[in-house]
Amino acid sequence: MQNAKNLKEYRKELRHSLDNNFLRTTLDKFAVAYRGSRDNAFQGLDVNALTREIGDLKDKAAGNLKKLYKEFKKNAEAKGAVVHFARTADEANEIIADIAKKTNTRMVVKSKSMTAEETLLNHHLEALGLEVVETDLGEWIIQLRHEGPSHMVMPAIHLSRHQVKDLFDDVTGETLTTDIDELVKVARRELRQKYIDADMGISGANFAIAESGTIGLMTNEGNARLVTTLPRVHVALMGLDKLVPDLETALKITRVVPKNATGQALTSYVTWITGSTACKAAEDGKKEIHFVVLDNGRQELAKDPLFGEVLRCVRCGACANVCPVYRLVGGHSMGHIYIGAIGLILTYFFHGTEKAKNLVQNCINCEACKDICAANIDLPRLIKEVYARILEEDGHDLPSILMGKVLSNRKLFHALLRAAKWGQRPVSTEDGFIRHLPMIFSKEHRFKALPAIAKVPFRDMWKKVCPHVENPKFKIGLFSGCVQDFVYPEQALAATSLLSRENVELVFPMEQTCCGLPVLMMGEQKAAQNVAMQNMQAFQDTGCDYIVTLCASCASHLKHNYPKLAKGNSRMEAMAKEFQNKIIDFSSLAYDVLKLAPANFEKAGTRTTYHSPCHLCRGLDVHEAPRELIKTAGLEYVQCSEEEVCCGFGGTFSMKFPELSAEILKQKLDNVEATQARLLLTDCPGCIMQLRGGLKMRGSQIKVHHLAEVLDKARKD
Amino acid sequence: MSTAHLTEFIEKAKRVSAHICEINDMKAAINYTVRLCQEKKPTAILTKDSPYEKKVICAPDLDSKTYTMLTTACEEQDIICIKDGMRQHLGGIDIGLTHALAGIAETGSLVVDSCSEELRLTTMIAEYHVCILPRSQVKGSFENVHPLLKERFDNNQDYTAFITGPSRTADIERVLAIGVHGPLELHILLLED
């Protein structure tokens with residue numbers, strides 16, 4: 001739940017979560033175990049094809065909600081169910097309260113429903129004097145503790161067996177042990193009588209099939225079967241987005257959700273309910289059954305060209321499972337009611353700006369959620385778009401306005417960077433770090449050493465170093481990005497030297513500027529469009545075969561976000577399309593296009609490990625090239641555990657949430673040190689800044705370099 | 001049904017802790033069930049009802065000839081055999097014996113017609129669920145059970161379940177625990193037909 005009034009209060013909550021050792025250990029273990037079980041569950045299946053298909057099928061359904069609802073209602077009612085439409089959360093709660101009143105219900109048992117969490121149904125019914133008991137073990141535990149869920153499918157993941165034991169001691173009046181089997185049996189025993197006593201059972205639904213009026217429920221414990229069987233009344237509450245046209249679609253969703261949620265092939269139970277069946281507790285021997293279908297803004301969302309895809313979500317919770325921030329702070333800090341990446345977005349639409357405004361900034365943009373999503377939702381982008389909307393409503397804060405303005409004006413931006421170089425001079429150290437952090441940084445930023453601005457930026461060296469190549473194989477444009485231009489020009493120099501020896505002609509247009517990702521991260525859409533246009537124009541008439549960048553984040557932003565930023569402006573769209581096709585990351589260029597020959601490189605055999613930048617492995621789907629290049633460069637590659645997990649940089653994220661950035665980095669460096677490598681390579685200057693700064697603070701001897709640097713050094717002639 | 005489907009079905013069902021036994025006829029199914037009942041610990045009654053003096057098997061969907069066979073076998077072992085009245089036994093029974101409509105190899109699941117309240121309660125309240133699945137009804141994938149389901153959902157009021165292993169949870173510290181609100185064990189009897 002989000003109650004923080006501002007970012008400062010929110011960060012205080014985050015620090016509190018960071019101090020919860022049990023939570024940290026549990027989520028760490030889960031993050032690692034989950035990947036393995038998911039891979040197992042999907043073995044032999046084309047995961048990407050499956051998730052794309054679900055995205056497409058759900059899009060189609062979202063474009064057809066009215067018709068699907070009508071069809072569902074007609075078919076369900078023909079089979080004895082009553083279907084209600086609720087425009088708002090309150091309306092849904094009132095409809096259900098009304099059914100309870102008419103059916104003389106005093107006691108309700110529930111099986112898990114995120115939609116009921118969304119409407120805060122329990123509070124509503126309890127206020128009317130009804131007894132409401134959750135029957136899913138995790139939900140029951142958090143109900144007894146008066147908490148909200150901390151994960152969409154594992155609501156009590158934040159609690160230890162000791163906490164559950166204490167809770168169950170109170171419930172039973174006995175002194176239990178912490179044996180989990182024994183604790184589970186407490187739920188089995190305590191809840192059985194509740195099912196028997198209840199007049200009404202409330203469930204959610206994983207889907208509602210229009211062609212037959214059927215609902216489907218996936219559960220492991222079997223509580224949904226008892227909730228929908230023993231009481232004489234059954235009410236299922238579901239979002240409008242649960243409507244699917246047919247059984248075929250429902251089966252496809254069923255195949256993917258449990259695998260993606262927990263790595264199970266299938267939940268123990270999938271329950272398909274079509275209309276009213278026999279119920280011996282009812283006077284007429286027939287179950288009274290109601291389906292309450294909730295809009296709560298979903299129809300509006302469906303019409304939104306950008307946010308429509310939010311309705312693809314099948315609530316598997318996987319976006320939390322892989323989120324490095326969720327892993328640190330858990331669901332109570334990484335959501336309001338809906339948790340994880342999708343929670344950041346849904347909170348804005350279902351629970352409003354106040355609840356969403358701090359939360360939505362807590363995305364490091366590593367794209368792990370997008371990569372894992374069961375329905376192929378571009379979650380990181382939508383999170384940024386929500387932030388941009390909130391800024392439009394609430395007004396932009398001063399730092400982001402300034403940054404937007406500065407970045408839109410290349411000359412001003414570069415002049416400021418050059419000025420910064422003079423400012424830091426007295427505090428720079430020999431090895432290129434700043435000795436003391438400038439005053440604007442608080443103590444939370446002290447987990448890494450920051451690099452000094454280079455004496456001469458790459459752009460000022462270009463004329464001197466620009467190589468002349470006779471009969472080049474390719475003409476390639478170099479997009480340096482700010483960090484390599486002004487902080488680590490040696491990386492761009494290395495690439496220049498290497499590529500010219502590989503018979504490549506390089507061009508470096510001086511009008512290029514920041515790629516614009518930092519301003520997009522800050523929700524400054526207009527500034528992001530401005531710099532995109534400047535960069536595309538800078539390269540427009542260069543006649544390059546490719547445009548290479550040594551920064552994975554720049555590459556992924558130039559390639560994937562420019563066309564999105566260009567939407568609606570046909571001239572810019574055409575430019576972006578051409579531009580996009582030319583963008584290539586350094587590793588792919590060296591490995592796939594230039595096919596660097598190992599014979600041309602010295603063999604030093606240094607023990608070397610790798611950090612895969614988020615925007616390379618997920619942003620550009622490049623995995624093999626950099627690892628092969630390490631071997632090409634004559635080094636011994638040792639794999640690091642969680643090599644494709646974020647380093648915690650995230651550009652402006654590490655400025656906004658230094659305490660989170662520091663913890664993610666710590667995990668990364670622990671893994672790196674465990675490899676006993678002497679050299680750590682990567683493909684992104686941002687990651688290098690983070691990793692190098694962190695290792696320096698640890699006093700580690702491990703050197704961090706860009707792949708281009710070691711390749712250039714090992715090249716024989 | 002192909003042998004490949006059968007092999008996959010058995011492998012996937014075992015992976016989710018289902019017990020599998022191949023049998024030749026219904027007599028073998030009865031023997032299996034009665035023996036299992038004899039060997040198991042008495043039911044832990046979950047309501048305030050006093051514990052039963054005898055063990056209980058409920059078999060709601062057997063044909064009358066097979067049901068008579070089961071009753072006779074139970075009498076010999078002093079086991080109570082019923083086919084309905086599950087609402088009087090909500091504290092728990094020992095074994096529920098039912099049929100499945102089909103099996104799904106890709107997940108090791110049973111498709112169980114649960115329209116009858118008696119059958120539905122039997123498969124949830126019993127500590128052990130023994131389910132007879134004709135070998136010929138083992139299908140490969142979800143797509144292969146689509147026609148069967150569609151026929152049921154389109155034209156009738158219906159309650160159908162996919163059952164994959166026993167009831168389970170990982171809600172406390174993500175540790176897998178078997179037997180939450182449903183059966184503690186699932187036994188699948190693959191019947192030669």
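Both the backbone and the side chain of T228(A) come within contact range of chain B, with heavy atoms under 4.5 Å apart. For a residue to count as touching a neighbouring chain, one of its non-hydrogen atoms must lie under 4.5 Å from one of that chain's; by this rule P183(B) touches chain A with backbone and side chain alike. In this structure, chain A has a heavy atom under 4.5 Å from the backbone of I178(B), while its side chain stays farther away. Proximity to chain B (any heavy atom under 4.5 Å) is shown, for E190(A), by neither the backbone nor the side chain. For K287(A), no part lies near chain B; criterion is any non-hydrogen pair under 4.5 Å. Proximity to chain A involves both the backbone and the side chain of R168(B), based on heavy atoms less than 4.5 angstrom apart. Using a 4.5 Å cut-off between heavy atoms, F30(A) contacts chain B through both its backbone and its side chain. Residue contact with chain B, scored on non-hydrogen atoms closer than 4.5 Å, is absent for A76(A). Only the side chain of K286(A) comes within less than 4.5 Å of a heavy atom of chain B; its backbone N, CA, C and O stay farther away. In this structure, the portions of T47(B) lying under 4.5 Å from any heavy atom of chain A include both its backbone and its side chain. Only the side chain of R174(B) comes within less than 4.5 Å of a heavy atom of chain A; its backbone N, CA, C and O stay farther away.
For the residue pair L266(A) and S109(B), the shortest heavy atom distance occurs at CD2-OG, 3.4 Å. S167(B) and E221(A) make their closest contact through OG-O, 2.7 Å (heavy atoms, listed as atom of the first residue, atom of the second, distance).
Per-residue counts of heavy-atom pairs under 4.5 Å with chain B were compared for A41(A), G275(A), S212(A); the largest is that of S212(A). Between chain A and the options K48(B), R15(B), M124(B), heavy-atom pairs under 4.5 Å are most frequent for M124(B). For chain B, the option among L159(A), I141(A), N220(A) with the highest count of heavy-atom pairs below 4.5 Å is N220(A). Per-residue counts of heavy-atom pairs under 4.5 Å with chain B were compared for G44(A), S160(A), A33(A); the largest is that of S160(A). The candidate from T229(A), V164(A), I209(A), T271(A) with the greatest count of non-hydrogen atom pairs under 4.5 Å with chain B is T229(A). Looking only at heavy-atom pairs under 4.5 Å with chain B, the residue among S268(A), G216(A), G222(A) that has the most is S268(A). Of the listed residues (E118(B), E117(B), K12(B), R152(B)), the greatest number of heavy-atom pairs within a distance under 4.5 Å of chain A belongs to E117(B). Counting heavy-atom pairs closer than 4.5 Å to chain A, the top residue among L121(B), V112(B), L186(B), V16(B) is L121(B). Between chain B and the residues L226(A), I157(A), T267(A), V153(A), the most heavy-atom pairs under 4.5 angstrom are made by L226(A). Here T160(B) is the residue among T123(B), T160(B), V175(B) with the most heavy-atom pairs under 4.5 Å with chain A.
Within a 6.0 Å radius of NZ in K55(B), more than 12 heavy atoms belonging to other residues, nucleotides or ligands are found.
R87(B) is listed as a side-chain neighbour of L230(A), based on a closest heavy-atom distance under 4.5 Å. No side-chain heavy atom of L46(B) sits under 4.5 Å from any side-chain heavy atom of L191(A).
Separation of atoms CD (E173(B)) and CE (M154(A)) is listed at 13.0 Å; rounding is to 0.5 Å.
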### Query
Could you walk me through whether F142(B) and T254(A) pass the side chain to side chain contact (heavy atoms under 4.5 Å, CB included) check?
CA-CA 9 Å; F142(B) 287 0; T254(A) 307; 4.0 Å; yes
### Query
How far apart are the C-alpha atoms of R192(A) and H181(B), what are their side-chain angles, what is the distance that settles it, and do they pass the side chain to side chain contact (heavy atoms under 4.5 Å, CB included) test?
CA-CA 8 Å; R192(A) 184 62 60 86; H181(B) 299 295; 5.5 Å; no
#### Entry: side chain to side chain contact (heavy atoms under 4.5 Å, CB included) assessment of Y159(B) paired with R225(A)
CA-CA 10 Å; Y159(B) 195 121; R225(A) 293 191 90 210; 4.0 Å; yes
#### Entry: side chain to side chain contact (heavy atoms under 4.5 Å, CB included) between Q157(B) and T274(A), intermediate numbers included
CA-CA 5 Å; Q157(B) 296 167 334; T274(A) 312; 5.9 Å; no
### Task
I would like to know whether K150(B) and E248(A) meet salt bridge (Lys or Arg N to Asp or Glu O under 4.0 Å); could you show each step before the answer?
CA-CA 9 Å; K150(B) 185 155 167 63; E248(A) 218 178 318; over 6 Å; no
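A donor-acceptor pair is defined here as one N or O able to donate and one able to accept, closer than 3.5 Å; no such pair exists between the side chain of R161(A) and the backbone of I172(B). Side-chain atoms of K79(A) come within 3.5 Å of backbone N or O of D154(B) as a donor-acceptor pair. Judged by distance alone, with hydrogens and angles left aside, the side-chain atoms of R189(A) form no donor-acceptor pair with the main-chain N or O of I45(B) at under 3.5 Å.
Paired with D136(A) under the rule side chain to side chain contact (heavy atoms under 4.5 Å, CB included), one option of D171(B), V180(B), T169(B) passes, and it is D171(B).
Counting only N and O atoms by type, the side chains of R120(B) and T277(A) include a donor and acceptor under 3.5 Å apart.
With respect to E143(B) and R255(A), a salt bridge is recorded, a charged nitrogen being found less than 4.0 Å from a carboxylate O.
Taking the six-membered ring for Trp, W272(A) and F153(B) have ring centres closer than 6.0 Å.
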